[in-house]
Structures are given as structure tokens and as C-alpha cells.
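As a basis for the values below, the full set of heavy atoms in this structure was taken, side chains included, without hydrogen atoms, waters or symmetry mates. Ligands are counted one by one from 1 in listed order, and the atoms in each one are counted from 1 as well.
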Amino acid sequence: MNAQESQVAGEPLKKILGRVAGKLDKKFGLETTVELLYFFPRRYHELGELTSFPQLTLGEEQSVIAQIADSSRRRTRGGKWMLSLQLSDGENLMDAVFWAKSQHLITWMSSQMQVGQTKLFSGRPSLYRGRLQLSHPSYQEVSDENLDAASNQAAKVQAQRPEPIYPAKAGLPTWTTQKAIAVVLDQLKFRPLPDPLPEEIRKEQGLLEINAALEQIHRPQTRADYEAARSRFRYEEAFVLQAALAERRQELAADAPILKEVPGGFTERVASSLPFALTDFQQQALADIEERLQSPHPMNLLLQGDVGSGKTVVSLLAMLLAVDGGRQGIFMAPTEVLVHQHFSTLTSLLGEYAQPGGFTLRGTEGIPIYRLTSSMSTAEKRRTLDALKTGQPALIVGTHALLSERVMLTSPGVVVIDEQHKFGVRQRDRLRQGESGTPHLLVMTATPIPRSVAMTSFGDLDLLTLKGMPPGRAKVETFRVDTANRTWTARTWQRAAEEIVAGHRVFVVCPAINPGSQNEDGAGGEEGEDAAGSIANVSDTVSHLRSLPALKGIEIGVLHGQMSAEEKDRAMADFTSGKTPLLVATTVIEVGVDVPQATMMVILDADRFGLAQLHQLRGRIGRGKLGGVCLVWSGAQPDTLASNRLQAFTETTDGFRLAAVDLKLRESGNILGESQSGRASSLKILDLLADEAVISQARQDAKTLVTADPELKSHQILKEAIARRISEEEQEFLERG
Ligand code: ADP
Ligand code: MG
């Protein structure tokens, strides 16, 4: 490693900072000078600005700039001394309390924080007796206050400097981080960092050079300073990512099978024997896919369409094009329940052409269709794999775990990945085959994903939207049930009984499996651990429902993630057949489950779920000609985020509208959920949703650069920046390439 390279990686903070280095590592995972320099302020405080209290998040360490409105000292019953401050943001009040054994200490603190002063506090807001409170916050001067009176010009300028506010953790308030960064910044004067952005691009885009940008983002003199710096880093993030993707594209061989409709082939025959006519939208989507399959460049397509929009049949016809081309069509679902569901759906759509398990029925020509899950017996698995290994044209439905069985992918033509837009680049990379080339990829999701996100997070997928809904879909109405309202809660179960008597099915969804457990998906609800004991759970709900006179004589089934695959299968089968017409379940039923007789869903503690998840859940009912009713139970107080979310949910069944609402109600990055968390280290200030223009520009620039210099031979710094910043998953890919 030469000297310049080690500079790109940065030096260990331990060598430079002493004790605080350990804290920065422990709390934020920052180990090197460069990592610290790229730890950007969360926001800036400008003179005279106070933090608005209602925007604070309970229980999270935050910095608060507030004016001290009142102050009092007293002795507590326990014999301690207490200083109690009233803080103001100009509109709202909050308490800040400090205790100490020594009266002197409290007196001294109170002299440090006098009424009328504005201070920077760092602490974890909580609610105490209905009031916001900071307990033992750490505190600091807001830089250079009281300078209003200063006559000298330098002091005035000083006072107007925006104050960077860094993410804080207990024991690591913003000012400590700020001081640590200042030490590292000062070193840059002697040992500047090399810039990963090529100079021509920087000039063309009017972006700051890296060292200047670092100075301005951490120690801005004016707002314009940090804004210019942020623009540069925003572009840099987009550019590094796009350069990595462009490099990858460059490596992809044009070795995909060319698949075309064969006259009289299965695609044609199955299409004409479907139990329904394809909608115009489905036909359009299919035409688009067909065109892509005729090219040796592997298709990389994200098909998004709302829950129930009819993506499955589109994917079936795409897979049949593979079969007609002598290849295999592979359908991957996220869970075993869904594998079984899709196996039977696809089999029934194939109609007389289906050869389940490869068995030829009536000696006719047909399409072998196999199912493969990890819970199958070894013998059964072996038999299936042996059949597949021959490379015979066939359809295979399996879980994503299928991918680990490389051996079976002997001649993949089209691979469909259902409801798993989080499917990573690395997993996708596994699909590339030595001999038979790269299969075409169709990723399907009901989660609306913006183009800019598809261009980045998901490793550069093209985007296609399936609009509209198949005709004849009945309506689902949604109502909110306040858990405190006994009339409504009782009415819920009467209604459930009525549905069941009419021959329909009812889902009851709980966030947890057992009392005291987390949300099944580990997501946790709005208020974290504290309410864990009272989350609606499957086991309590089942016993409660069994004891209700209104549901007397109705068999109740159970479905959750801790059951074995067979148990889950049986539970779904019993529900579908009507043996247990009421099913108490967790979100395992979330995606794709298709039971046309299901007309009612009760979602308990609905505020525990995100909007996207609620939408997916609701999509399980009203799937046939019968309408549906969805009752969302919640104890959420009016005008809380949780309550507003549920309100929006009752008002529309349009997934894309809900996604927009969700965005507005939450911070934008969250729509990506977990898919982004793995990336938190690589995307710091780039907002995938808001910065589409930046991403497009960076993509174009990166393409030009990589085309001219595919191995980035004359862009070593960029190359290293890519290696350092791209998530591990992609890094592995890049290293292998
Ligand atoms: P999703 O896009 O959520 O995966 P599905 O593919 O499961 O939706 O389709 C939802 C339902 O609509 C299924 O029962 C399917 O058979 C039906 N369906 C799909 N296309 C049509 C169509 N063109 N006409 C009528 N029903 C259709
Ligand atoms: Mg589906």
C-alpha cells in the first residue's frame, strides 16, 4: 500500500484522539479519520433558532436548543437536591431536571443555566406526568451567545456561524464529536485527502474539491458553505455508487438465452386457455417482457403492480417462453406457504398442460412443474433435483433458499423473484451460470419503488409498472375500531360469525405470537419495548376467541412463523377448505396468499404495522367476486402518527396512494425499510427519493467514465472509494469480478 492509498483509507482514530476514539468506535462504528470526516452533521443550528419540541422523538438521544424559561431548586424527599428548569422553544415547554447529593453542585449548575439563556442540551426526551422531560441532559453554550452586543465585526460573523449538530448518543454529545472532527480537519491542511471525484467532472458540475468540502460541511461560515458542501457529497455518493454499477454492467456478458414465442408452443396454448382474458395492462407488460427476452442482454426487470393486479399470470407466460425455448422457468417465493400456494395457482393456470411433479397425465404433452422447498424430505428433494438436473424444460417453484442449490439451475431461462425486491445483488449474481449463460430476471413487487431507487439500491433494475386491476374485483371496505369501544369490538366478532355462517373465511392478524414477544418480523412498533406485554398475540387471542359465545361452534386455526412447514401447510389447507374458517395468524399470511372465499380481516393492534404491511395484509381479502371488510383495531390516540396512518389506510385501497401518504408521514428513507439499513454506511446524505436528478446525472457521468476506462486504471482513488463505500454484498461481487 503506498502512502496515498493509506490516506484514502484514513488513519486509525486511536492514534490521534485518545479516549474519545473508543467512544466514536463503540457508539457509531467510526474507526478511521476518513470515516470520521464522512460523519456529517445531521443538521445545523442557526443563530436565534430553537429546536421545536414537537419534532423530538421520545426515548432517543437528541440535541435540543432551548431557552431557559424558569428555574427552581429544592430538596427531594430522599434528601437529594434537585434543579428543575423549564425550557422553551418559543411555543412549547419542556422540563429539564438534575439531581445531586451536594447542594453546592446544584447551586453551581443553576448559576451555569440562568433564566433567559439559550443553551444546547443533549439528552433523551421522555414523558413524565404527561409533560416532556429531559432527565440529566448534558449541556453546552450555544457558541458565542451574548455576542449581540459585541461591536467588533469578527465577533458578529462568528455569532452567525451555523452550528453543526451531530447525531448524539449517551456520553457522546454533539460537541464532543465536533471537537474530535476539528482535530482531524486541522490535519488536512498538512495532508490533504485525494479526491475520488475526477477533476473534470467536478468542474463540469461546479462541485467543491474534497478538502474544501469537508471543511465547509463541518465548519461552515455561512449556510451557503454547508449547502455547497452537501451538494458535493450528495453527488459523490451517487457517483461512487453509479460507477460501481457501471463497472458491473460492463462485466456482464451478453450471454442470456434468446427466447421467442414459438408458433403452437406452450406460451400460446396456455395463454389461449386461461380462465380469463388478460387485461390490456397485462398484455402491455407482457409485450415489454417479450421484447427484452429476445435479446442476449439479460433482462433485469422490476415489475411493480399493486396487490392483486395480476402479476402472477404475467410471470407464468414469461416462464413459458423459457420452456418453449428449451429452458427452465424458475419461480421463487419468500416463504414455504407461498411456494405451495403458487405451485397450485400456477398448476391450475396451466390447466391440462400441467404435469405436476413431472408426471405425465393421460400421456399428453405437457409442462413438468416441480416444487422445491427446504423442508421437503431428502429423498423427495433428491428425486426432484435429479429430474431438474437433466436440464429438461420445466417450471420450478421454490423458496429463495433454492438458490443455494446451484446444481439445479442447469438451464435457467427466466427466473422470477416474487415479492422480494430486497433481493440483493449478490443473490442475483448467483443466478449467473457458467455454461448456460445468465438467465433473464423478473423481480415482482407490490411495493411501489421509485425509479431512482431501482437505479441504485437494487443494482440497477429496469422498472415496469403493471397498472390497473383485473375486472370484476369486488370492493374491500375498511373501518377503524377503537379497542376501548366495547360495542364495536363485540360487533367485530358477531360479524365474523355471520361471514362464516355465509360460508366465508375470516383472518385475524396479530403482531406477535406469544405474550411479551416482539412483532414477529422483529420490526417493533411505534413505542418500542415498553408496551411489549400488551401487544395482541396469537396465543392469547385464540384462547379469548374460543371463549366467546358469539363464535361458539366455530373452529379456529392458527398460523405463524414458529410452526413447521407441514403445520403451516395444513393450517392453510384447513382454512381454505373451511375446516377452520377463522384463522388467527401473524404476518406470515402477508404476501401472495390467495383464498377467494376470505371476506373479512381483523387486524389487532394495527398501529404496530407499517402502511405497506397493512396494505399487503388487506390484499388477502376480497380477492374473488365477494367483497370484503377489513377492521383495524387500535388504541392509538387521535392525532398521533399511528392514528393518522390508520386513518389514511381506511380511506384508500390504492397501494401507490398509500405509499405516497407513508412518505409524507415518515421520513422518506424509510419506505425502503430494511433494504436500506444494510446500506446506511454508504448512503449518508443522498436521498434516493428526493435526489433523482442528481442520481441520473451521476449515472450518466459514471457511464461515460467507465466506458472510457473500464478498469478505472487512471482513477485509482475512485476505485478505492468504491471498495470502501459499497456495501459488503456488492463488494464481494466486485472482488470476484
Ligand atoms: P398479484 O399481482 O398481487 O400477485 P395475482 O397475480 O395473485 O396478483 O392476481 C390476483 C387475482 O386476480 C388472482 O386470483 C388471479 O387469478 C386474478 N387475475 C389475474 N389476471 C386476471 C384477469 N386478466 N382477469 C381476471 N382475473 C385475473
Ligand atoms: Mg403475487
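Not one N or O of Pro471 is nearer than 3.5 Å to an N or O of ligand 1, by distance alone. By the 3.5 Å distance cut-off applied to N or O atoms, Ala277 is counted among the residues near ligand 1.
Considering Ser315, Gly619, Pro470 only, the shortest heavy-atom separation from atom 26 (N) of ligand 1 involves Pro470.
Ligand 1 places these atoms under 4.0 Å from at least one heavy atom of Thr312: 4 (O), 5 (P), 6 (O), 7 (O). Listed by number with element, the atoms of ligand 1 under 4.0 Å from a non-hydrogen atom of Gly310 are 1 (P), 2 (O), 5 (P), 6 (O), 8 (O), 9 (O), 19 (C). Counting the atoms of ligand 1 from 1 in the order shown, those under 4.0 Å from a heavy atom of Val307 are 3 (O). Those atoms of ligand 1 with a heavy atom of Thr279 less than 4.0 angstrom away are 23 (N).
Close placement of the Phe507 and Phe575 rings is indicated, their centers lying within 6.0 Å of each other.
Salt bridge Arg570/Glu566: absent, no basic N to carboxylate O contact under 4.0 Å. Salt-bridge annotation for Arg269 and Glu352: absent, with no side-chain N of the basic residue lying under 4.0 Å from a carboxylate O of the acidic one.
Contact between Gly308 and ligand 1 is present, with at least one heavy atom of the residue lying under 4.0 Å from the ligand. Residue contact check for ligand 1: Ser309 places a non-hydrogen atom closer than 4.0 Å to it.
Side chains of Gln294 and Glu290: no donor on one and acceptor on the other come within 3.5 Å.
For Gln282, every heavy-atom contact with ligand 1 shorter than 4.0 Å involves the side chain, none the backbone.
Taking the six-membered ring where the residue is Trp, Tyr353 and Phe266 present perpendicular rings, their angle passing 60° and hence far from 30°.
The closest side-chain heavy-atom distance from Arg292 to Asp462 is below 4.5 Å.
Among residues two or more places apart in sequence or in another chain, the ring pair (Phe, Tyr, Trp, His ring centres under 6.0 Å) test is passed with Phe649 by none.
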